Amino acid sequence: MELIESSYKGDTKNGRMDGKGEYTFPTETKYEGEMKDGMFNGKGVLHFPNGSKYEATWENGIAKQGSFTFADGLQYQEKDWDYCDGYDRRFYSERCNGLRPAGESQLTDLHPPHIIPDGCYDCGDGFYDPNTRVVTSHTGRFLRNADDSEHDWIVRTCRKAWDEIVGVDPENSVATIPDETSSINGSIV
């Protein structure tokens with residue numbers, strides 16, 4: 001465990017995790033619950049660094065039945081999911097606390113949102129730097145390296161630190177071209 005920077009506190013049997021315990025991954029995700037023969041087994045909860053959690057019943061290290069709760073308290077439902085569907089695009093915090101006043105748009109579920117470092121994207125669980133292809137937590141801790149698929153998704157869909165003019169050429173925009181007047185026989189038309 002020391003080699004991969006994980007840790008375990010709890011019961012053991014024959015040098016393996018067995019009984020109740022807490023296993024901490026290098027990403028600071030923690031499993032608290034029952035173990036058997038070195039694996040998650042029985043009831044246990046994965047606590048993620050962003051505050052979300054996954055409560056499940058485990059068999060030989062595999063979750064057999066469980067439920068996911070987001071950091072803001074929203075519980076994922078596999079059926080009849082009505083959060084952020086085609087009819088209601090509000091954030092969960094807006095559903096719980098109401099909409100913000102006109103002119104104070106809410107950009108993320110967290111208000112005010114995290115300030116994104118220059119050149120980076122906010123990918124939900126942290127910031128993504130497309131130059132290094134690394135995702136760090138909002139506090140700067142390494143989370144993961146992004147593969148090509150995640151890189152493409154983040155660049156295509158996530159909030160970025162810079163403003164960008166989309167679809168308008170400011171030099172040729174009607175709003176920036178000075179009014180031209182014409183004169184016929186000395187009269188301005």
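The structure displayed is predicted, hence computed values, not measured ones.
Note: K20 NZ to E34 CD = 4.5 Å, rounded to the nearest 0.5 Å. Between the CD atom of E28 and the CG atom of N50 there is a distance of 12.0 Å, given to the nearest 0.5 Å. Annotation: the span from I154 atom CD1 to R133 atom CZ amounts to 9.5 Å, rounded to 0.5 Å. One finds the SG atom of C120 at 8.0 Å from the CH2 atom of W162 (value rounded to the nearest 0.5 Å). Interatomic distance, S7 OG to E22 CD, rounded to the nearest 0.5 Å: 7.0 Å. How far CG of N41 is from NZ of K64: 10.5 Å, rounded to the nearest 0.5 Å.
Here the shortest heavy-atom pairing between Y31 and G42 reads OH-O, 4.5 Å. Taking both residues in full, the closest heavy atoms of A56 and A63 are given as CB-CB, 4.1 Å, listed atom of the first, atom of the second, then distance. Nearest approach of K30 to T24, heavy atoms of both residues: CG-OG1, 3.5 Å. Closest approach of N60 and M39 over heavy atoms only: O-SD, 3.4 Å. Of all non-hydrogen atoms in C158 and D122, the two that sit nearest each other are CB-O, 3.3 Å. Counting all heavy atoms, side chain and backbone alike, D18 lies closest to K13 at CB-CB, 3.6 Å.
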Verdict with reasoning, W58 to K36, per side-chain contact (heavy atoms from CB on, under 4.5 Å): CA-CA 10 Å; W58 304 79; K36 183 178 178 186; over 6 Å; no
Quick one: do D147 and S149 satisfy side-chain hydrogen bond (donor to acceptor under 3.5 Å, both in side chains)? Show the steps, please. CA-CA 6 Å; D147 62 16; S149 175; 4.6 Å; no
Would you please test Y121 and R159 for side-chain contact (heavy atoms from CB on, under 4.5 Å) and show each step? CA-CA 6 Å; Y121 294 81; R159 212 167 51 93; over 6 Å; no
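In terms of hydrophobic clustering, with Ile, Leu, Val, Met, Phe, Trp and Tyr side chains grouped at heavy-atom distances under 4.5 Å, L46 and Y8 are assigned to a common cluster. Cluster annotation: Y54 is connected to Y23 through the hydrophobic network of ILVMFWY side chains, with a link wherever side-chain heavy atoms come within less than 4.5 Å. Hydrophobic clustering (ILVMFWY, side-chain heavy atoms < 4.5 Å, transitive): F68 and F25 are in one cluster. When the side chains of ILVMFWY residues are joined at heavy-atom separations under 4.5 Å, either directly or via intervening members, V155 and V134 end up in two distinct hydrophobic clusters. Hydrophobic clustering (side-chain heavy atoms under 4.5 Å, transitive across Ile, Leu, Val, Met, Phe, Trp, Tyr) groups Y76 together with L74.
Of the possible donor and acceptor atoms, one in the side chain of R141 sits under 3.5 Å from a partner among the backbone N and O of T27.
At a threshold of 4.0 Å, the pair K53-E55 counts as salt-bridged, since one of the basic side-chain nitrogens sits closer than that to a carboxylate oxygen.
Counted within 6.0 Å of CD on Q65, heavy atoms from surrounding residues, nucleotides or ligands total 12 or fewer; the atom is thus considered open.
Under the 4.5 Å side-chain criterion, counting only non-hydrogen atoms from C-beta, T29 is in contact with P49.
Among residues two or more places apart in sequence or in another chain, the ring-ring contact (aromatic ring centres under 6.0 Å, His included) test is passed with H138 by H114, F127.
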